[in-house]
K.L.:
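Pasting in a structure now, in structure tokens, and then I'll have a few things to ask.
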Amino acid sequence: MLRLLWQELVFRRNAIIGWGLGLCFFPLVYISIYPSVADEMAGLADLEIYQAMGMSLGNFSDWVGSILIVFMPLIAAIYGIINGTGTLAGEEEDGRLEMVVTLPLPRWQIVAAKAIAFTISSVIMFVIVAVVSMLVFQSIESQVETEMVAGDMFTSVMMAWPIVFAVGMMSMFLAAFCASRRFASIIAAAVLVVGYFGSNLAASTTELEPFEPFFLFTYLDASGTAVIEGQAAGDMLVFFAIGLVSFALALFFFQRRNLTVGLWPWQRARVS
């Protein structure tokens, strides 16, 4: 299993570098320009369009929350979908998975190795962004009025990682459950998009309030207070619970999957 895990990490090395550096765009551009646009941003804080997008522009910590706790994880979650759906269903369609299952390993170890590889690779990406964010903050710290310290930048980025973990594990489950990677990708993308916009709309629309707990981004606090004090432990546990349950479901359905057949679970049952 360790050899397979190492191969999975090597396979993801280009993604780690590319996505890690790409996500650094957010702190390098959006955080670094804040001193020059602070007055303009404060004047736009009450616009409904920004509130609908989950953005708060009142002060520097609010701006950091909007960029590094909302938009950066939203984009990073796309990697989770690509990796999660490509790991099982994608490799099955490419013919690579047939070679992997011929290894003297039980299927659960194959899924576990891929899940651990995704977890490690995504954490490395976030560490890269967190370090860059901290360095950017240190370069502009004298130009902004804030209670934040450099360590707050690092922790605020890292505490946004659990939502990417949840999306990645959920995508892996869908890859083991669905008949093809396309269906798995569509469902995972829909959950992500609805989770983002639904959370923001539910916060401002009374009709959607009863559904707010079902939206992923409900459990990610992008306020300036959360940037300084950290995310609520209960909300982080929700993401980890989603990720672990999804991983368990991925194990269950991959054990029963007929490779190369491309059938849904109920169709597989009839075939067997």
K.L.:
Taking side-chain hydrogen bond (donor to acceptor under 3.5 Å, both in side chains) as the test, write out the residues that go with Thr155, two or more places apart.
P.N.:
none
K.L.:
Under the side chain to side chain contact (heavy atoms under 4.5 Å, CB included) test, which residues partner Ile242, sequence neighbours left out?
P.N.:
Ala166, Leu216, Val238, Ser246
K.L.:
Return each pair, listed once, that meets salt bridge (charged side-chain N to carboxylate O under 4.0 Å, His left out) where at least one residue sits in residues 70-85; pairs must be two or more places apart or across chains.
P.N.:
none
K.L.:
Taking only residues two or more places apart in sequence, or in another chain, which ones meet Asp221 in a side-chain hydrogen bond (donor to acceptor under 3.5 Å, both in side chains)?
P.N.:
Ser223
K.L.:
Does Glu229 have any side chain to side chain contact (heavy atoms under 4.5 Å, CB included) partners at least two apart in sequence or in another chain, and if so, which?
P.N.:
Thr225
K.L.:
With sequence neighbours excluded, tell me which residues meet side-chain hydrogen bond (donor to acceptor under 3.5 Å, both in side chains) with Gln231.
P.N.:
none
K.L.:
Share the residues that join Leu21 in a hydrophobic cluster, the rule being Ile, Leu, Val, Met, Phe, Trp or Tyr side chains under 4.5 Å apart at the heavy-atom level.
P.N.:
Ile17
K.L.:
Which residues satisfy the side chain to side chain contact (heavy atoms under 4.5 Å, CB included) test with Ala248, sequence neighbours excluded?
P.N.:
none
K.L.:
Going by side-chain hydrogen bond (donor to acceptor under 3.5 Å, both in side chains), name the pairs with one or both residues in residues 13-32, residues two or more places apart or in two chains.
P.N.:
none
K.L.:
Applying side chain to side chain contact (heavy atoms under 4.5 Å, CB included), can you list everything that pairs with Gln7, at least two apart in sequence or on another chain?
P.N.:
Arg3, Leu4
K.L.:
Other than Ile186, which residues form its hydrophobic cluster under the rule that side-chain heavy atoms must be closer than 4.5 Å?
P.N.:
none
K.L.:
Please table the atom pairs, donor to acceptor, closer than 3.5 Å between any side-chain atom in residues 113-133 and protein atoms at least two apart or in another chain.
P.N.:
residue: Lys114; atom: NZ; partner: Glu8; partner atom: OE2; Å: 2.6
residue: Lys114; atom: NZ; partner: Glu91; partner atom: OE1; Å: 2.8
residue: Lys114; atom: NZ; partner: Glu91; partner atom: OE2; Å: 3.1
residue: Thr119; atom: OG1; partner: Ala115; partner atom: O; Å: 2.9
residue: Ser121; atom: OG; partner: Tyr79; partner atom: OH; Å: 3.1
residue: Ser121; atom: OG; partner: Ala117; partner atom: O; Å: 3.0
residue: Ser121; atom: OG; partner: Phe118; partner atom: O; Å: 2.9
residue: Ser122; atom: OG; partner: Phe118; partner atom: O; Å: 2.9
residue: Ser122; atom: OG; partner: Thr119; partner atom: O; Å: 3.0
residue: Ser122; atom: OG; partner: Trp161; partner atom: NE1; Å: 2.9
residue: Ser133; atom: OG; partner: Val129; partner atom: O; Å: 2.7

